[in-house]
Structure formats: C-alpha cells, structure tokens
Q: 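Provided herewith is a single structure, encoded as structure tokens, for subsequent inquiry.
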Amino acid sequence: MNIAKVIVDVPASSINQTFDYKIPERFQEILNVGMRVIVPFGPRKIMGFVVGRTDESSFDKLKEISDILDITPVLTDELLGLGKWLADETLSMYITVFQAMLPQVLKAQYRKELVRMTEDSLPEDLENFFAGRDFVVYEEFEAAKISFYQLQKAIQDGDISVNYQVKSKITKKHITVVEPRIEPHSLEEEILDLPKIAKKQKELLAYFIDHPEPIDQKILVQKCNTSKSTIKALVDKGLLVTFKQEVYRNPYDDNAYARTVALELTEQQQEAIAPIKQHIREETHDTFLLHGVTGSGKTEVYLQAIQDVIDNGKEAIVLVPEISLTPQMVRRFKGRFGSNVAVMHSGLSSGEKYDEWRRIHRKEVQVVVGARSAIFAPFEKIGIIIIDEEHENSYKQEDQPRYHARDVAIYRGRNHNCPVILGSATPTLESYARAQKGVYQLATLTKRTNNSEMPDVEIVDMRDELHAGNRSMFSRKLKESIEACISRGEQAVLLLNRRGYSTFVMCRDCGHVKECPHCDIALTYHKNSNRLKCHYCSYEEPMPKICPECNSDLIRFFGTGTQRIEENLTQLIPEARVIRMDVDTTRRKGSHEKLLTQFANKEADILLGTQMIAKGLDFENVTLVGVLTADSMLHLPDFRSSEKTFQLLTQVSGRAGRHELPGEVIVQTYTPDHYSIQLASNYDYTTFFQNEMRTRKAFQYPPYVFLSLITVSHPNHVSAVQATQKIVQLLMKNVGEDTVVLGPTPSPIARMKDRYRYQCMVKYKNEPNLRTLIRKIIRQFDEEVRKNDLLITVDMQPYQLM
DNA sequence: AGCACGCCGACT
DNA sequence: GTCGGCGTGCTC
C-alpha cells in the first residue's frame, strides 16, 4: 500500500479525478486516508486530499508526496464517501465538495517566490529588483516592469529558481500563562525577602500561596489589579515563570448560560418523541417530519431526543437557519448541554470557526448546533440529525457545490443508522408530500405548550385605505393598534417584507430608473454613504443630484426601505421608541444581539425590521405583530412565492402573544383574497397544502416533478443564446417522453457583471440518466468554456430560479 | 487552474 | 537578434 490516490486542489473538470503518488518511506506509517498532503503537480506544488491507498497504479512514473499537512485525517471515511456521492449528485468537482466540508482556514494558499541562487552579479534590472534580498514574492516581480525574458534566462542559467510554496492559513490562539517557579511553601519566605517598596510584587506572590496552579496572565493582571511589568519583575527574579499555551477561541462563554433541565412534555410532545426515541434506542434510520405550530415546543422535543443520544454515547447534529440570527437558540442548547456544544455559523471569525470545528474533530463535544455547513461535522457516531425550520431556503447552498443540507442529512442518517428530524410550522410542500406518502414519518403538534390560542389575524385591504385618502404605509387600523399597544405598555413587532421592494432611484419627471451599467438590475440607494450600489457586482457610484437623462432635479429614491418606514412611523406616532433592524443596522458583529437585548429590556416599543425578525424571536411583552406589505413577494417570478408568503406570515404571526398576554396580528395587503394570505391568517396549513399542491400539479412544478436548471453566460448576447439553444436541443434529443425541456429563456437577471445569462430548465419525473447526460453535454462545451469565456452552471434542485 | 513550450509577428 | 503575445496541451 505504498501508493496514494489524491484529489488535487484544481477545480477543473479535466482534473476531477484521482492522481496517484508514491508514498515515501518516511510517510509510510503516518499517512492515512483523509489527510491533506502537498504534492508536485506539473511544475508546481499544490494541496490535495488522500482518498485511498493501493499497491498498484496504471501509471508507471509516479512522483512522490512532498509533505503531509495533517497529523490526523481531517476527513473521515464516511465524509470521503459522502463527498464522492455529493459531487456526483450535484455535478460538482470532488475538490470543491471536500473544501466545503471543512473550515475555510484548511484551504491552502499558494505563493510563488523567486530565489536568488548565485552570488555573482545578475543583469542590472534584476540586481536592482532583488536589492540585496535572498528571495522575493512573485507578485512583486510582475508589478516591477522588468523583462520577463531576462528572468527566463536567469532561471535557465540557474541563477534564479522558482519556488512554489503551499501555505497554511491556520492560526492558533495562544495565551501567556503564569505559575510559580518555586515550591508554594517557600513563597512566604520570598515575600519577606522582597524590598519593602515592592508592594505589588508581594501581593502577587501572596496570591500564588492560595492558588499555586498556572493562570492566564490577563486574568491574573485583572484579579490582582496589577500590571505585566510586575509579573515580569518576578519572572526576572526567578520566582515566577511564564509560558505560551494554545487555547481555543471561545465565541461563547459557556458559564454565561443558566443551566436548564428537561421540561415535562405535553401529551402531544410525548407522542411525537416516542418513535424518535425508539429509533435512537434501536439505532435505525428513518426521517421524521415534525410539524408543529409556532410555540408548540419543538425545541424541547429536540433537546430531550438529544439527551437520549448523549446518554447513548453518541453525537447529535442540529441545523438551524442562521444561528447568529437567533441567539435565543444558542442559549437553549448551551443552557441544556453546556460546554458539550459546539456552535458553527457565519457570524464567527474564521479562527473561531476553526476552533469550534477542532472541538468536534477531537470529539470534545457531542452536540453541534450550526448553519448549513455544520451538516458535515466530522462526527463518527452520529445518533440523531435535526433540521429546524426545515423550510428555510438557507439550507440550499447557492454556489458550488449546490447542495441541500436536507439531502446530506438523510444520506448521513442512513450511514449512521440514526433518525433525521425535520421540524417546521410550515413544512415545504416537498417534505409534507413525502410525509403523506409515508416516505417520512409525520408527527404533528397542534397545540402551543402553554395552551394559549394562536393570535387573531386581521387582514387590512390597503386599497380601501387608498380610497379613503390614506396614502401612508400604515393603515388606520394598524396605527390605532400600535397606539393602543404602546399605551398598555406592551410592545409591537413590525415586519417589512422587503423582497422586491428595495430602494431604487427614479426620476419623477421622466421616469428614468438608475440601473447598474454591468447588470440588468436597478441600483440600490444607501443612505449612510449617499451612494448607489449594485447588489450583484459591487459597482457603486455617488447619488446623482440631477437626472442624467433629462437634467431634472426631481430625482429621488423610491421604494420602502426600513429607514423610510422608520421616519414615517416617528412622524405618525411621535411617542413611539423604535428599534430598526435590517442589514444596515446589524452589519457590525454582535449588533444583532445588542438590538434584541435592548428590545427585550423594553428600551423600545417597536421592533421594525425585515425578514430577519420573523423567526425564532420570543419576547413575552410583544402583543402586536404588523406586516406592512404581505404580498410584496407574491408577484415575483417564482413558483414558490405563495409558499414563501404563507411561511413568512405564519412565522411572524407566531411572534405575538407567546406568553400570558393575548396577541394580535395585522396584515396589510393589496391582495386580501389570495389564498396564501387568507389561509395563513387562519393558520390552516392543511388547506394551504392542498390548494398549493393543485397549483403545482397544474403547472407541473415540484413536488410533482424534479427541476434542473442550467444557466449559460457569455459576454456576447448571441453566443449565450446559441450555446443554450444547443444544450436544449441536445437534451431534448436524449430525454424521455414525459420530460419537458424549456429554453433558452433569459435568466431573471438577464445580465450580470457584463455577461448575458440564459437558462434551460428541465422538468422530469423519472430520468435516471439525466446527470450523466448533462455531464456529457457539458463536456462537449469544454473547449468553448476554456477558449471563449463561456460559463455553464448546473443546479440539480434549484430553489431560486436565478 | 496554472504553467511551459513553441510559433509568430513586431520592433530595432 | 530580441522581446512579448497568444494558442495548445499537460498535470500522477
């Protein structure tokens, strides 16, 4: 077994295969499958993953592995297998999938250096360039305008050599630790020996009499109210020693969470958990859909199931939509399981993510709570996988590899023979349909744990408001209710559903709308900087004072940003104290939590925000929820728009009256009769499901069919259309009769970053060879991709049709 | 993806 | 002869 099969760090379809390398004698014992290595690849050196070991290779002249990057494998056998499956499933490169499974810091960085090999003088230009240095990074050479030819010659003559380095991004955090260098009992003596004026030093030594164990220097300084120089003085006298110690960055102070114990379950909860516990006990796989209304105690069910898993000596993965958005969720898990929990989400720094990952990797925790990518946690004895808010679209990764965490969860659940729980108050149609067919086990929680009723929902027809001469964003009813709510000393949550309503700039004279010069999309106005920005290509420009088309000075920003609403609100109800929560006010780290704490401490009456306030928040004093524009995403070109509207309205309604006080929900809309709004107001999921399923059937959309989306982009309009056309034709020729191939259709954003985008959609029920077919077709375009700047991306189960 | 190699055309 | 710009093919 002296040959390693390696997946190298080159994301190109022609390299998407294993390469064989000889394992040098010195690595024979220590090299394991799943480790990262450095290998020579052509003239350079790159990183790769060892995915297997063998004795034979069909290749005769093998190179040797240059180095090993890990002491223990970073990918388990299971994850390697999962990676292969996932890459095949999503038509991604193996390397891309493996990288996605690991924290960013494990991604290699490459550096090219020029090394001076001779003391003899070099040609003048090069001599000046090196300026006495032994080596220079290559980028610097490119920046200095020296003839490439000269360098080439120097390299050929052996005066300069090129050095390819693989660098690690890993940084570890260290603290300075202090401890006494002498026996604790002799400390007292030493204190007496110190000069009288060295008061601080005496105090410090006295501290160690009671606490002889090593201590973090920072904490010591705080505790003894002293300074580093005092410690240094004692170190110099040989009484104390300091040394560096590696520590985990801990984004959460585990002691800050009050410990909780298991609550008594309601009858419904017990019924729901029983079969799950059985599967945990018997170590068998099954997928459960836990359909529970908001406030029905799904989390407690998760917690108690996880407790069983832990008692069983196994591990648990919990996925939550985006955890930085729900600190309350972290609190519940840390509260129950303390430091046995690792937390993984995008709000952490890359170093923090790495440390949390290592705690999992070293099996120092049994529970991981995290966003999408936490599904790849390198556990080896998984006892349960839970996906909370199963319907959230953040579980679908929108760039390569385009995977859905739910699919990965079920795949791993099978691997580990453990149950997978999908929880939601508003399950996706896909999941609910599967539950109905018996593919998933359905468990339903219809009652809130405190037996309170769901709050009443009142729909306000905004057209009537307009007819009555009210042109503001607030209906009379909503204004009244807010005022009443505040006067009772209670709090309100206002949701601005901003999708499709961003703040664009339009000239009131000629109607000209400012668009991005590189994308077919209106620029968005940002108040803080008074600039216009593009969401897709990061283009920006100052806000114009006059219209570039007609020179009118009546150019204004339009739409209903949260800032505008906030201004209106304070005009309308001057006494209201408002906290605004949107991307602008939550950009800084921790600001999210800070705003929520302020609101919880009743420092404001109204919490105004976008989607991010719809989920998971639980404030006992909130009795009013207002939805300003319920239908703003109903008219987007997206077959899931009704479903998304229903989900959002149901979720946000659940924020009101969760405790003692009764709640009230007011939904403002221009389409009050739409079934997703009507049925959400009655909390009637079942009817919504049936209605929506009929629509999906009529228009042939999931879950009745599967979708695959191929997007083609090219700087030239015609080339994009032609390539797409050809793909459509090739597909049509080779798919089954029932399969529909649509296109070429311009993508919803027809131009992005100066590239025209066309797409082809495949709707199919049964097309077992579709992946192979698409792969074959794409391969036919390999040349055009490489030479002509053509780009083809495939999404095997698109969530957004962009 | 990167990189080398080789052909070609331009410049002096 | 000297230099730089691409197109092409390869990477165990």
Side-chain angles (χ1 to χ4, degrees), chain A residues 1-24 27-28 31 33 35-69 87 91-100 107-115 122-126 129 137-158 160-167 399-401 713 715 778-793:
Chain A
M1 304 287 257
N2 58 350
I3 292 168
K5 297 209 158 284
V6 178
I7 295 288
V8 294
D9 184 14
V10 179
S13 58
S14 54
I15 311 296
N16 194 31
Q17 47 163 20
T18 58
F19 285 79
D20 295 346
Y21 286 90
K22 220 174 353 190
I23 305 169
F27 296 148
Q28 287 284 355
L31 183 73
V33 170
M35 287 180 175
R36 295 173 304 145
V37 288
I38 296 173
V39 290
F41 195 69
R44 60 204 167 117
K45 280 187 176 169
I46 57 174
M47 192 274 287
F49 290 94
V50 178
V51 296
R53 285 183 71 154
T54 56
D55 285 316
E56 288 186 15
S57 172
S58 52
F59 225 80
D60 49 348
K61 42 183 192 302
L62 296 185
K63 291 187 182 176
E64 285 193 343
I65 285 177
S66 325
D67 218 336
I68 302 184
L69 285 168
L91 301 188
S92 310
M93 310 293 162
Y94 299 118
I95 188 69
T96 322
V97 172
F98 291 145
Q99 309 264 36
K107 223 175 135 175
Q109 278 184 325
Y110 300 102
R111 204 166 67 184
K112 198 171 157 184
E113 291 169 349
L114 296 177
V115 185
L122 296 166
E124 200 186 338
D125 283 352
L126 286 171
F129 170 65
V137 287
Y138 190 76
E139 278 76 46
E140 221 177 294
F141 175 81
E142 287 180 315
K145 288 179 196 155
I146 305 172
S147 143
F148 185 75
Y149 189 74
Q150 266 185 41
L151 177 68
Q152 236 174 13
K153 243 195 332 213
I155 292 172
Q156 265 163 25
D157 296 350
I160 292 175
S161 86
V162 188
N163 190 11
Y164 298 93
Q165 281 206 20
V166 182
K167 269 186 56 191
D399 42 42
Q400 293 271 352
S713 80
I778 289 179
R779 210 167 297 143
Q780 291 188 26
F781 286 87
D782 258 8
E783 211 175 288
E784 233 185 302
V785 167
R786 230 154 37 92
K787 289 185 192 159
N788 294 340
D789 201 13
L790 186 76
L791 221 67
I792 304 176
T793 55

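Atom set for the values below is all heavy atoms of this structure, side chains included, hydrogens, waters and symmetry mates excluded.
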Q: Check whether A/K45 reaches the backbone of A/N163 with its side chain - one donor and one acceptor, N or O, closer than 3.5 Å.
A: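 No; zero donor-acceptor contacts below 3.5 Å.
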Q: Has A/F59 got its ring stacked on the base of C/dC12, with centres under 5.5 Å and planes less than 30° apart?
A: yes
Q: Provide, to the nearest angstrom, the distance between the CZ atom belonging to A/F41 and the C1' atom belonging to B/dC3.
A: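 So the two atoms are 11 Å apart, to the nearest Å.
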Q: Can you tell me how far P of C/dT11 sits from CD1 of A/I7, to the nearest Å?
A: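 So the CD1-P distance, A/I7 to C/dT11, works out to 17 Å.
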Q: If you only use heavy atoms from C-beta on, which nucleotide in C/dC12, B/dA1, B/dA4 is closest to the side chain of A/P43?
A: B/dA4
Q: Heavy atoms under 4.0 Å, any strand shown: does A/I46 hit a base, just sugar-phosphate, or nothing?
A: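 No contact at all - A/I46 keeps every heavy atom at 4.0 Å or more from the nucleic acid.
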Q: Just how far, in rounded Å, is C1' of C/dG7 from CG of A/D782?
A: 17 Å
Q: Is there a donor N/O on one and an acceptor N/O on the other, under 3.5 Å, for the side chain of A/R786 and the base of B/dA1?
A: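 Such a pair does not exist between side chain and base.
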Q: Is any side-chain N or O of A/S147 closer than 4.0 Å to OP1 or OP2 of C/dG4?
A: yes
Q: May I ask you to decide if A/Y94's main-chain N or O and A/N16's side chain share a donor-acceptor pair within less than 3.5 Å?
A: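 Flag set: sc A/N16 to bb A/Y94 pair under 3.5 Å.
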Q: Measure from the side-chain heavy atoms of A/K63 and tell me the nearest of B/dA1, C/dC12, C/dG4.
A: C/dC12
Q: Please classify the nucleic acid contact of A/K787 as base, sugar-phosphate, or nothing, using heavy-atom distances under 4.0 Å.
A: sugar-phosphate
Q: Keeping the roles fixed (side chain from A/Y110, backbone from A/M47), state whether a donor-acceptor pair exists under 3.5 Å.
A: yes
Q: Looking at A/Q28 and A/I23, would you say the former's side chain and the latter's main chain have a donor-acceptor pair under 3.5 Å?
A: yes
Q: Take atom CE of A/M93 and atom P of B/dG2, then tell me their distance rounded to the nearest Å.
A: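 Rounded to the whole Å, the gap is 13 Å.
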Q: Please confirm whether the backbone N or O of A/P40 pairs with a side-chain atom of A/Y21, one donor and one acceptor, at under 3.5 Å?
A: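 It does hold such a pair.
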Q: With sugar-phosphate meaning primed atoms plus P, OP1 and OP2, does A/Y110 contact a base, only sugar-phosphate, or nothing at under 4.0 Å between heavy atoms?
A: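 No contact.
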Q: Given B/dA4, C/dC12, B/dA1, identify the nucleotide with an atom nearest to the side chain of A/F19.
A: C/dC12
Q: With the side chain of A/D20 defined as its heavy atoms from C-beta on, choose the nearest nucleotide among C/dG4, C/dT11, C/dC12.
A: C/dC12
Q: Indicate, with a heavy-atom threshold strictly under 4.0 Å, whether A/K153 touches base, sugar-phosphate, or nothing.
A: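 Here A/K153 touches no strand at all.
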Q: Mind checking if A/Y138 touches a base, just sugar-phosphate, or nothing, with heavy atoms under 4.0 Å?
A: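 Nothing: the residue A/Y138, judged by heavy atoms under 4.0 Å, touches no strand.
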Q: Take the protein atom CZ of A/F148 and the nucleotide atom C1' of B/dC5, then report the distance between them rounded to whole Å.
A: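 About 11 Å, once rounded to whole Å.
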Q: Distance check needed: C/dT11 C1' versus A/L62 CG, whole Å only.
A: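 A/L62 atom CG is separated from C/dT11 atom C1' by 13 Å.
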Q: Give the rounded distance in Å between these two atoms: CD of A/E142 and P of C/dG4.
A: 14 Å
Q: Ignoring backbone atoms, establish whether A/Y21 has a side-chain N or O less than 4.0 Å from OP1 or OP2 of C/dC12.
A: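 Checking A/Y21 against C/dC12: at least one side-chain N or O falls below 4.0 Å of OP1 or OP2.
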Q: Return yes if some donor-acceptor pair links the side-chain N/O of A/R53 with the main-chain N/O of A/M1 below 3.5 Å, else return no.
A: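 Here the side-chain-to-backbone pair exists.
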Q: For A/I146 and for A/E64, find the nucleotide of DNA chain C with the closest heavy atom, then tell me which residue's nucleotide is more 5'.
A: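 Result: A/I146.
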Q: Within this structure, what is the OH-to-C1' distance between A/Y149 and B/dG6, rounded to whole angstrom?
A: 13 Å
